[in-house]
2 protein chains.
Amino acid sequence: MSTSERLIESTRELLWERGYVGTSPRAIQRRAGAGQGSMYHHFAGKSDLALAAITRTAEELRAQAEARLGGPGGAVERIAAYLRREREVLRGCPVGRLTQDPDVMADEALRRPLEETFGWLRERIAAVLAEGVESGELDRGLDPAATASALVAVLQGGYVLARAAGTEEPFAEAVEGALGLLAARAAPAGRPGPGAGRP
Amino acid sequence: MSTSERLIESTRELLWERGYVGTSPRAIQRRAGAGQGSMYHHFAGKSDLALAAITRTAEELRAQAEARLGGPGGAVERIAAYLRREREVLRGCPVGRLTQDPDVMADEALRRPLEETFGWLRERIAAVLAEGVESGELDRGLDPAATASALVAVLQGGYVLARAAGTEEPFAEAVEGALGLLAARAAPAGRPGPGAGRP
DNA sequence: GTCTATACCAGGATAGAC
DNA sequence: GTCTATCCTGGTATAGAC
């Protein structure tokens, strides 16, 4: 792996573990096994490096979400697959956690990837829900956009509760609670399948 | 206000704005209008002061929650009142945000108030929901504990989404999405009121 | 109780040699 | 490309005078 690569990967790890304010150029260099001059040769400084790291992490999150949400199965099934997907819960969300960082929020360039990631995710889940309503799998009264935001929030908040508790349990419980509420909005079985809505 | 008081209040503000790693004793002193020696006279150091600040903030959160959850009205009504209560959304949750702080998580004494706060809150909401089920206001199939965790997670995650977006809108949307799902679990109207369950 | 002095190390970055 | 030297500021704390 190139030095530049190692610097980016080290930064990704440190941002996840300690956030932006908690991560120093020194620590990045040590972890990457790179010298001072090396880092400043490849990157303009801490924030430049952070931008590269955050962008990559955001892309990864998006790809992982799309793998489940764009997979096979009904709407509820795909959403459940995404919510229940294996996660390192106690480490928190590598994208969401940056939201708490004052220096990230203050830098337009660093905040933008966060905005785009969650904007995309909320819309993507809303689309899956809308599809479920359309096909008759879900109740017509369900609001796709609002429900999608609630589901994404459950994940992000689940991390918070888990870290506060020191165990993964609250995360799993919150996810199951949300899926329980969602399942109750499934339209009565044996009813209109795709394209079979009543006239 | 005494110097000690001002130090605690300044620390509360800074922890909320910048987190623990982002808050220096210097900054606290400046904001409190206190000198170096003054701070170390009243408190053993940064973490000692933070403990006082966090404890107070946690107590406040709890009192504010209890004011709504222990108020008048049905279960869903009280929960809606709590979720919709006026908040400074873009500032985030002063307790939840500390969950992202590596130095807080690493210090047992600092993490405990977070654990207790969210543990209490989840239980308190679960109790309200259980009451709703008991009285027939809510569907018997609803899991109070899981649903409560989901609702608390929606709040915590709502802050994350709002900060990422740079507007309060996603928070409000997530809350309404969650309340929409919950409302659909209300047992059919005109049915058993308190103590009037079927035999 | 509060102030100033002092200490020491880390943060973040630049300069110039190799 | 990478290394070392250097810079200046701030973080966190102690010591001792007032």
Side-chain angles (χ1 to χ4, degrees), chain A residues 1-56 97-98 100-111, chain B residues 1-56 97-98 100-111:
Chain A
M1 197 160 41
S2 71
T3 297
S4 159
E5 255 329 279
R6 288 202 318 276
L7 283 165
I8 293 177
E9 288 304 312
S10 298
T11 304
R12 296 217 297 150
E13 291 171 19
L14 283 163
L15 287 181
W16 196 356
E17 290 168 22
R18 307 197 38 85
Y20 185 82
V21 300
T23 296
S24 68
R26 260 186 169 250
I28 294 169
Q29 291 151 208
R30 288 175 56 83
R31 185 168 301 209
Q36 192 89 326
S38 196
M39 174 184 143
Y40 284 100
H41 171 73
H42 292 287
F43 299 93
K46 178 179 170 175
S47 68
D48 185 34
L49 190 39
L51 180 57
I54 293 172
T55 300
R56 184 173 296 182
R97 76 146 299 149
L98 296 171
Q100 303 299 329
D101 216 300
D103 293 4
V104 169
M105 289 295 106
D107 184 328
E108 196 44 46
L110 295 181
R111 191 181 63 79
Chain B
M1 196 158 45
S2 71
T3 297
S4 158
E5 254 329 279
R6 289 201 319 276
L7 284 165
I8 293 177
E9 288 304 313
S10 298
T11 304
R12 297 217 298 150
E13 291 171 18
L14 284 163
L15 287 181
W16 196 358
E17 289 168 22
R18 306 198 39 86
Y20 186 83
V21 300
T23 296
S24 68
R26 259 184 170 250
I28 294 169
Q29 290 151 208
R30 287 175 57 83
R31 186 168 302 208
Q36 192 89 324
S38 196
M39 174 184 142
Y40 284 99
H41 171 74
H42 292 287
F43 299 92
K46 179 178 170 176
S47 69
D48 184 35
L49 190 39
L51 180 58
I54 293 172
T55 300
R56 184 174 297 183
R97 75 146 300 148
L98 297 171
Q100 304 298 328
D101 216 299
D103 293 4
V104 169
M105 289 296 104
D107 185 328
E108 196 44 46
L110 295 181
R111 191 181 63 80

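Proteins get letters first, then strands, A, B, ... in listed order; numbering begins at 1 in each.
- As a whole-Å value, the separation of B:L14 CG from D:dG10 C1' is 15 Å.
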Donor-acceptor pairs under 3.5 Å, side chain of residues 43-51 of chain B to any protein atom, not counting sequence neighbours: which ones?
from: B:K46; atom 1: NZ; to: B:Y20; atom 2: O; distance (Å): 2.9
from: B:K46; atom 1: NZ; to: B:T23; atom 2: O; distance (Å): 2.8
from: B:D48; atom 1: OD2; to: B:A44; atom 2: N; distance (Å): 3.0

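- We find the OG-CZ distance between A:S10 and A:R30 to be 11.5 Å, quoted to the nearest 0.5 Å.
- Rounded to an integer number of Å, the gap from OH of A:Y40 to C1' of D:dA5 is 15 Å.
- Rounded to an integer number of Å, the gap from A:M39 CE to D:dG1 P is 17 Å.
- Residues passing the side chain to side chain contact (heavy atoms under 4.5 Å, CB included) test with A:A109, sequence neighbours excluded: A:D107.
- Two residues are said to be in side-chain contact when any heavy atoms from C-beta on lie closer than 4.5 Å; B:R18 and A:D103 meet this criterion.
- Put simply, CG on B:L49 is 15 Å from P on D:dG11, counting in whole angstrom units.
- A straight line from CZ of A:R30 to P of C:dG11 spans 10 Å, rounded to a whole angstrom.
- Of the possible donor and acceptor atoms, one in the side chain of A:T11 sits under 3.5 Å from a partner among the backbone N and O of A:L7.
- A:R6 meets the side-chain hydrogen bond (donor to acceptor under 3.5 Å, both in side chains) test with no other residue; sequence neighbours excluded.
- Pairs of residues two or more places apart, or lying in two chains, that qualify as salt bridge (Lys or Arg N to Asp or Glu O under 4.0 Å) and include a residue from residues 31-43 of chain A are A:E13-A:R31, A:E17-A:R31.
- Atom CZ in B:R18 sits about 13 Å away from atom C1' in C:dG11, given to the nearest Å.
- In DNA chain C, runs of at least 3 stacked Watson-Crick or G-U pairs (N1-N3 plus N6-O4 or O6-N4, or N1-O2 plus O6-N3, all under 3.5 Å) give these stems: C:1-18 with D:1-18.
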Output one line per pair: protein atom, nucleotide atom from nucleotides 2-4 of chain D, and distance, for all N/O pairs under 3.5 Å.
from: D:dT2; atom 1: OP1; to: A:T3; atom 2: OG1; distance (Å): 3.0
from: D:dT2; atom 1: OP2; to: A:S38; atom 2: OG; distance (Å): 3.0
from: D:dT2; atom 1: OP2; to: A:H42; atom 2: NE2; distance (Å): 2.8
from: D:dT2; atom 1: O5'; to: A:S38; atom 2: OG; distance (Å): 3.4
from: D:dC3; atom 1: OP2; to: A:G35; atom 2: N; distance (Å): 3.1

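- Distance check, rounded to the nearest 0.5 Å: CD of A:Q100 to CH2 of B:W16 gives 12.0 Å.
- With rounding to whole Å, B:F43 atom CZ is found 13 Å from C:dG1 atom P.
- Between the C1' atom of D:dG10 and the NZ atom of B:K46 lies a distance of 12 Å, rounded to the nearest Å.
- Annotation: side chain of B:R56 is in contact with side chain of B:E9 (closest heavy-atom distance under 4.5 Å).
- Nucleic acid contact for B:S2: none, since no nucleic acid atom lies under 4.0 Å from a heavy atom of the residue.
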